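Below is one structure, written out as structure tokens, with a few remarks after it.
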Amino acid sequence: MDEWHALDIVTEARRQQHTACVTTEGAAWLASASAFPRSVEALWSARPTAPSVLPCGTAFDVVNLPALFGRRVLERMWSSGPGSGPVAVHRGRVLLLVLPGTAQRLPALLRWEEWGAAVPPMLCHGAGDAVTVPALYGLPEPGPPAGACADGPVSRWVVAPDCRDPWLPGADHLLWAIVRTVRAAPGKTASSLVSPPGTV
């Protein structure tokens, strides 16, 4: 299974409840992340099929996970937890849009967890950071889409923003999903994460 097929991360029923394209209200919420939302909206009007760079820390933070692990975390959030807020894929990574402040809290919480050392490399983008988000309204037509490769688009929405005040998971929700995902991975045991006394 290639990474793009692996990123079909929500069940068909869940997928029907969400849109892969940003709604007008969702675009207004995304633009609110910028200090100049009207300028961002004007740029999107001119280039609605181009990815955008938005600052983190006001409207949302972003937790950036490797593709397969991100898929598993989202499956856990949807099957056993509260679900997710907007989610994107960019260059083989899963971008979870989360509550502001999560980027600072989550790494600290994971350091306290016995399973924290088993979490694959993740990036947390908060205040002072910026991230690239997919195009608002899909890919240009016809022909091969800009920013696409043989396996699929470089950037796309999995769950696109569809309202002015989307629910966003916080550090506690993500900690729950990440720890349970790591614990469920085959061959993972807590004891393998702890070095025996007297070893480096």
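Each residue takes its place number in the sequence, starting with 1. For clarity, every value in this text was computed on a predicted model and none was experimentally measured.
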With side-chain contact (heavy atoms from CB on, under 4.5 Å) as the criterion, how do Met122 and Leu106 come out once you've worked through the C-alpha distance, each side chain's angles and the decisive distance to 0.1 Å? CA-CA 11 Å; Met122 73 176 181; Leu106 184 61; 3.7 Å; yes
Give, for atom [atom1] of [X] and atom [atom2] of [Y], the distance between the pair rounded to the nearest 0.5 Å.
X	Y	atom1	atom2	result
Ser52	Arg47	OG	CZ	8.5 Å
His125	Thr132	NE2	OG1	9.0 Å
Asp129	Leu54	CG	CG	13.0 Å

Closest non-hydrogen atom pair between [X] and [Y], with its separation:
X	Y	value
Pro66	Pro120	CG-CB, 3.8 Å
Pro107	Thr102	CD-O, 4.2 Å
Ser34	Pro55	CA-CG, 3.9 Å
Trp157	Pro86	CZ3-CB, 4.2 Å
Val182	Ala118	CG1-CB, 3.4 Å
Trp44	Ala27	CZ3-O, 3.2 Å

Do Leu95 and Leu168 share a hydrophobic cluster (ILVMFWY, side-chain heavy atoms under 4.5 Å, transitive)?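 Same cluster: Leu95 reaches Leu168 through Ile, Leu, Val, Met, Phe, Trp or Tyr contacts under 4.5 Å.
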If two hydrophobic side chains count as joined below 4.5 Å and joins carry through other members, does Leu109 share a cluster with Val119?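 Same hydrophobic cluster.
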Worked check of side-chain contact (heavy atoms from CB on, under 4.5 Å) between Trp115 and Arg180: CA-CA 9 Å; Trp115 295 89; Arg180 276 157 185 78; over 6 Å; no
If you draw a 6.0 Å radius around CD in Glu25, do more than 12 non-hydrogen atoms from other residues or ligands fall strictly inside?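 Yes, because the 6.0 Å sphere around CD of Glu25 holds more than 12 heavy atoms from other groups.
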Indicate yes or no: at least one non-hydrogen side-chain atom of [X] is less than 4.5 angstrom from one of [Y].
X	Y	answer
Trp29	Leu97	yes
Glu113	Ile178	no
Leu99	Asp61	no
Met77	Leu174	yes
Leu74	Leu96	yes

Has Arg93 got a side-chain atom pairing as donor or acceptor with Asn64's backbone, closer than 3.5 angstrom?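 Present.
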